Amino acid sequence: MSILKNRFQYKKYTIDKKLCYFKPHATKIEKSFSEEIIFGLSLKNKMVQPKFFYDIQGSDLFDKICALSEYYLTRTEIEILNNIREELTITLDSGYRLVELGSGSATKTRIILDVLNKIQSKIEYFPIDISEILTESSEILLDSYSNLYITGIIDTYEGGLRFIEEYDDKKNLIIFLGSSLGNFAEDDAIHFLKQINMTMKRSDLFLIGLDLVKDKKILDKAYDDSQGITSQFNLNVLQRINDDLGGNFDLNKFEHHAFYNQELQRIEMYLKSKSDQLVHISKTNTDVKFNKNELIHTEYSHKYTVPQIKKMMNQCNFKINNMWFDSNQYYCVLLVSKF
Ligand SMILES: C[S@@+](CC[C@H](N)C(=O)[O-])C[C@H]1O[C@@H](n2cnc3c(N)ncnc32)[C@H](O)[C@@H]1O
């Protein structure tokens, strides 16, 4: 493995001629993790950002969530993507590079890669993900596509977008699946969509999957499953703080708490302290006090109506080229371009 320093303040890891990664320096990653965790736990309403769920263990647990019968999102988005293969084949051409925000285990990516495979002799794929799972999923993809060339960016969405913007002038198809936009608070989602819009060139396309408002019972079950996998996923962030920052969180003293807030159209996910307790984080020499029933906010997952989606896209200077739904109207996938 060769390691080169590049102009984007990333380290470049070249695995072979078909695979390389760019990653910020380790000290930058560790510093931002410890600073953001300590800041979030010092607030009156404690919080941990959802991007910190995804260490290797968290990414594996997320894949298990995707396979749960209660978690309709993954299979529904796959249903839509499978149904639009033909239309995408007609819309895309040999000039598009695939850029994916939050690629994870890159399962749905295969549907888009299959489409590109029909029209391109060489496929270029730039996955962007904060999780190291990107390295594993990239190697697995390369086994399936002999004409695939991967440049991974192991960083935040924002870092990855800046990287893409500065990289070159090639046309991009940017995809953002799993309704991950819903994890942003309302204003932040608008800000982030505008940032994507500003990164895009006129010829670029943006494919985004969004979860729709639906029956509360279906939503509650999707984020609090009967096997307790979502609970493990949520609690794992405390284990990560223990492992990476020398915390002494007792995971048995916290519980998963998730529900659909109908008024605000969002799943709210928390970790609830089961007792009064004091947690010590040794690497930062910090003590964090919890009262019984005190909450740590860990995730939102906003749900949208079709008029809200149209308004949001318009507000962010996106023209909707296509909008597709599943048979239950649970979910939608949009293909948009810059106005
Ligand atoms: C909900 S999963 C979705 C994975 C996949 N796209 C899907 O649809 O199943 C979110 C993915 O985005 C990554 N992620 C979450 N927050 C991120 C952030 N702020 N910057 C970069 N990647 C992030 C996670 O590591 C994870 O792989």
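Remember, it's 1-based here, ligands and their atoms both numbered in the order they're listed. This structure is a prediction, so every number in the text was calculated from the model and none was measured. Atoms considered below: every heavy atom in the structure, side chains included; atoms not considered: hydrogens, waters and symmetry mates.
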Please list, in number order, the atoms of ligand 1 under 4.0 Å from a heavy atom of [X].
X: T156; result: 20 (N), 21 (C)
X: S180; result: 1 (C), 3 (C), 10 (C)
X: G104; result: 27 (O)

For atom 2 (S) of ligand 1, which protein heavy atom lies nearest, and how many Å away is it?
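Of every protein heavy atom, F62 CE2, 3.5 Å lies nearest to atom 2 (S) of ligand 1.
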Does T284 have any side chain to side chain donor-acceptor pair (under 3.5 Å) partners at least two apart in sequence or in another chain, and if so, which?
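For T284, the residues satisfying side chain to side chain donor-acceptor pair (under 3.5 Å) (neighbours in sequence not counted) are T286.
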Identify the two heavy atoms, one from C20 and one from T14, that lie closest to each other, and give their separation to 0.1 Å.
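For C20 versus T14, the nearest heavy atoms are CB-CA, 4.0 Å.
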What part of E158, side chain from CB on, backbone N/CA/C/O, both or neither, has a heavy atom under 4.0 Å from ligand 1?
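For E158, there is no contact with ligand 1 at all, from either part.
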Taking the side chain from R97 and the backbone from F126, do they hold a donor-acceptor pair closer than 3.5 Å?
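No, because the side chain of R97 does not come within donor-acceptor range (under 3.5 Å) of the backbone of F126.
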Does any N or O of ligand 1 fall below 3.5 Å from an N or O anywhere on I130, backbone included?
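Among all N and O atoms of I130, at least one is under 3.5 Å from an N or O of ligand 1.
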Any non-hydrogen atom of [X] lying under 4.0 Å from ligand 1?
X: S59; answer: no
X: D155; answer: yes
X: D129; answer: yes

Shortest heavy-atom approach to [atom] - which of [options]:
atom: atom 8 (O) of ligand 1; options: E77, K51, E132, K108; answer: K108
atom: atom 20 (N) of ligand 1; options: F176, Y157, F184; answer: Y157
atom: atom 5 (C) of ligand 1; options: C66, G102, G178; answer: G102

Would K18 and Y149 count as a cation-pi pair here, with the cationic atom under 6.0 angstrom from the ring centre and within 45° of the axis?
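Yes; both conditions hold, so K18 lies above the ring face of Y149.
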Counting only heavy atoms from other residues, nucleotides and ligands, does the tally under 6.0 Å from NZ of K253 exceed 12?
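Counting other residues, nucleotides and ligands, NZ of K253 stays at 12 neighbours or fewer.
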Within the supplied structure, the quantity of interest is the number of heavy atoms (other residues, nucleotides, ligands) at a distance under 6.0 Å from K274 NZ; does it exceed 12?
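More than 12 within 6.0 Å, yes.
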If only side-chain N and O atoms count, and only distance matters, is there a donor-acceptor pair under 3.5 Å linking Q308 with T305?
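The answer is yes; a qualifying pair exists.
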With a 4.0 Å cut-off on N to O distance, would you call K292 and D276 a salt bridge?
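Between D276 and K292 there is no salt bridge, as every charged N stays at least 4.0 Å from the carboxylate O atoms.
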